[in-house]
Amino acid sequence: MLGRDRIEYKTVEQVRAMRRAGLVVADALDAVRAAAVPGATTGDLDEVAREVIAAAGATPSFLGYHGYPAVLCVSVNDEVVHGIPGSRVLAQGDVVSVDCGAVVDGWHGDSAFSTVVGEATDPADLELVETTEAAMWAGIAALATGGRLSAVGEAVEEVVDLAVAAGKNRGERYGIVEEYVGHGIGSAMHQPPEVLNYRARDRGPRLKAGMCLAIEPMLTRGSRHTQVLEDDWTVVTSDGSRAAHWEHTVAILPEGIWVLTARDGGAEALAARGVSVDALD
Ligand code: MF3
Ligand code: CO
């Protein structure tokens with residue numbers, strides 16, 4: 001057990017190094033987003049990310065991770081996370097979630113987005129994507145409160161409840177996936193602590209400067225339960241409902257927070273939530 005629960009607190013210099021990795025991931029995901037059109041294969045998206053990361057002189061962190069065979073995770077419709085890119089062709093109306101990680105000088109960045117390919121065929125799919133993104137930003141904003149880590153899960157669950165109360169998902173409950181959670185990140189992709197996306201009794205560690213956390217809620221239009229497919233990677237919803245996943249890598253700095261995988265540090269999205277960021281520069 002020794003050391004396994006220990007949080008790696010970063011200096012501001014180390015956070016700056018992490019930002020370089022974060023911005024490579026942001027560039028890769030921007031390029032992938034532009035390429036996620038009807039007729040593209042999930043493997044095409046992987047190729048796009050591979051090229052952006054290589055051109056930046058960075059290293060993809062998923063490739064080879066516990067034997068994972070690709071640069072991206074591309075998860076379509078009922079796939080929640082860890083979908084393996086390949087020959088699958090994206091169609092108009094598909095919900096696609098793209099997760100990407102990169103390493104620069106030994107420091108990691110990790111980020112994901114979901115989108116609907118082309119025009120949505122069901123408005124509830126767009127609501128799913130938007131609610132999941134809003135849940136992520138609420139979780140990120142909660143890091144600025146200086147309280148405890150459990151504030152993230154509380155904020156996520158609150159946004160999800162409010163969305164359904166406002167009629168999203170036709171008023172049906174969203175599932176908040178519990179089997180996969182956010183995490184500390186830094187000199188490794190996955191570090192303590194775990195970051196839950198739901199309310200929990202354990203309040204978790206105190207939020208302190210130097211913590212870097214990947215905030216990554218996963219929502220479904222139905223059950224929160226998931227299964228892993230025969231390929232040992234692809235996670236699907238147990239009821240076949242569609243899912244979305246958003247993620248950013250965030251640093252807690254002495255004077256506030258900074259989103260390392262967003263070009264503006266999250267300034268715009270967080271200002272809308274009453275949180276100002278602590279610029280790294
Ligand atoms: N990016 C995932 C996470 O957010 C991890 C993917 S690991 C891989 O934690 F091996 F599947 F790529
Ligand atoms: Co992650």
Side-chain angles (χ1 to χ4, degrees), residues 1-19 21-22 25 61-62 65-66 73 80-82 99-103 106-112 132 135-160 176-219 224 226 235 245-262 265-266 270 275 277-278:
M1 286 299 276
L2 209 74
R4 204 184 286 173
D5 297 326
R6 197 172 293 157
I7 293 170
E8 178 183 77
Y9 294 92
K10 285 79 172 171
T11 65
V12 173
E13 251 348 279
Q14 289 171 328
V15 172
R16 283 205 181 93
M18 284 184 68
R19 185 193 195 191
V25 173
S61 49
F62 297 0
Y65 180 82
H66 292 281
C73 296
V80 184
V81 285
H82 303 168
D99 194 344
C100 183
V103 196
W107 295 99
H108 286 252
D110 189 3
S111 181
T132 310
M136 174 194 66
W137 284 113
I140 292 171
L143 296 177
T145 56
R148 296 218 176 234
L149 188 60
S150 58
V152 174
E154 285 159 15
V156 167
E157 202 168 331
E158 188 187 11
V159 162
V160 174
I176 301 180
V177 172
E178 296 185 1
E179 283 109 340
Y180 304 88
V181 296
H183 49 92
I185 179 168
S187 62
M189 174 164 57
H190 291 140
Q191 297 182 326
E194 290 195 336
V195 185
L196 309 186
N197 292 306
Y198 49 92
R199 297 187 184 100
R201 200 164 307 169
D202 182 356
R203 300 186 63 220
R206 200 170 284 287
L207 296 167
K208 282 204 287 212
M211 280 180 164
C212 293
L213 301 162
I215 303 300
E216 52 174 320
M218 289 145 251
L219 301 186
R224 70 171 187 273
T226 63
V235 176
H245 173 217
W246 277 83
E247 176 176 19
H248 269 308
T249 296
V250 187
I252 304 179
L253 294 161
E255 306 291 334
I257 63 173
W258 185 260
V259 180
L260 300 169
T261 42
L270 290 167
V275 172
V277 296
D278 177 15

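Here the structure is a predicted model, which means the values were calculated and not measured.
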Can you list everything that forms a ring pair (Phe, Tyr, Trp, His ring centres under 6.0 Å) with Trp107? Sequence neighbours excluded, please. none
Are [X] and [Y] side-chain neighbours, meaning at least one heavy-atom pair lies under 4.5 Å?
| X | Y | value |
| --- | --- | --- |
| Val259 | Trp137 | yes |
| Ile257 | Asp278 | no |
| Thr261 | Asp110 | no |
| Val152 | Leu213 | no |
| Met211 | Pro205 | yes |
| Glu216 | Tyr180 | no |
| Asn197 | Val177 | no |

Hey, is CD on Glu194 packed in by over 12 heavy atoms from elsewhere, all under 6.0 Å? no
Working for side-chain contact (heavy atoms from CB on, under 4.5 Å), residues Leu149 and Leu207: CA-CA 6 Å; Leu149 188 60; Leu207 296 167; 3.8 Å; yes
With rounding to the nearest 0.5 Å, note down the distance linking [atom1] in [X] to [atom2] in [Y].
| X | Y | atom1 | atom2 | result |
| --- | --- | --- | --- | --- |
| Thr132 | Glu247 | OG1 | CD | 13.0 Å |
| His190 | Ile185 | NE2 | CD1 | 7.5 Å |
| His108 | Leu260 | NE2 | CG | 13.5 Å |
| Tyr9 | Gln14 | OH | CD | 14.0 Å |
| Met218 | Arg224 | CE | CZ | 14.5 Å |
| Ile140 | Ile215 | CD1 | CD1 | 6.5 Å |

Tell me the closest heavy-atom pair linking [X] and [Y], and the distance in Å.
| X | Y | result |
| --- | --- | --- |
| Ala142 | Ala151 | CB-O, 3.6 Å |
| Ala251 | Cys212 | CB-SG, 3.9 Å |
| Gly186 | Gln191 | N-OE1, 3.5 Å |
| Gly109 | Ala21 | N-CB, 3.7 Å |
| Ile252 | Leu143 | CD1-O, 4.1 Å |
| Arg148 | Gly204 | NH1-O, 3.1 Å |

Of all residues at least two apart in sequence or in a different chain, which pass the side chain to side chain contact (heavy atoms under 4.5 Å, CB included) check with Glu154? Ser150, Arg199
Flag the pair Glu8 and Lys10 as a salt bridge only when some basic side-chain nitrogen lies within less than 4.0 angstrom of an acidic carboxylate oxygen. yes
Mind running side-chain contact (heavy atoms from CB on, under 4.5 Å) on Val195 and Val181 for me, showing each step along the way? CA-CA 6 Å; Val195 185; Val181 296; 5.7 Å; no
Residue pair Thr249, Val25: steps toward the side-chain contact (heavy atoms from CB on, under 4.5 Å) verdict: CA-CA 10 Å; Thr249 296; Val25 173; over 6 Å; no
Could you name each residue pair satisfying ring-ring contact (aromatic ring centres under 6.0 Å, His included) that touches residues 198-219, not counting sequence neighbours? none
Determine whether Val277 and Trp258 satisfy the following criterion, side-chain contact (heavy atoms from CB on, under 4.5 Å), listing intermediate values before the conclusion. CA-CA 6 Å; Val277 296; Trp258 185 260; 3.6 Å; yes
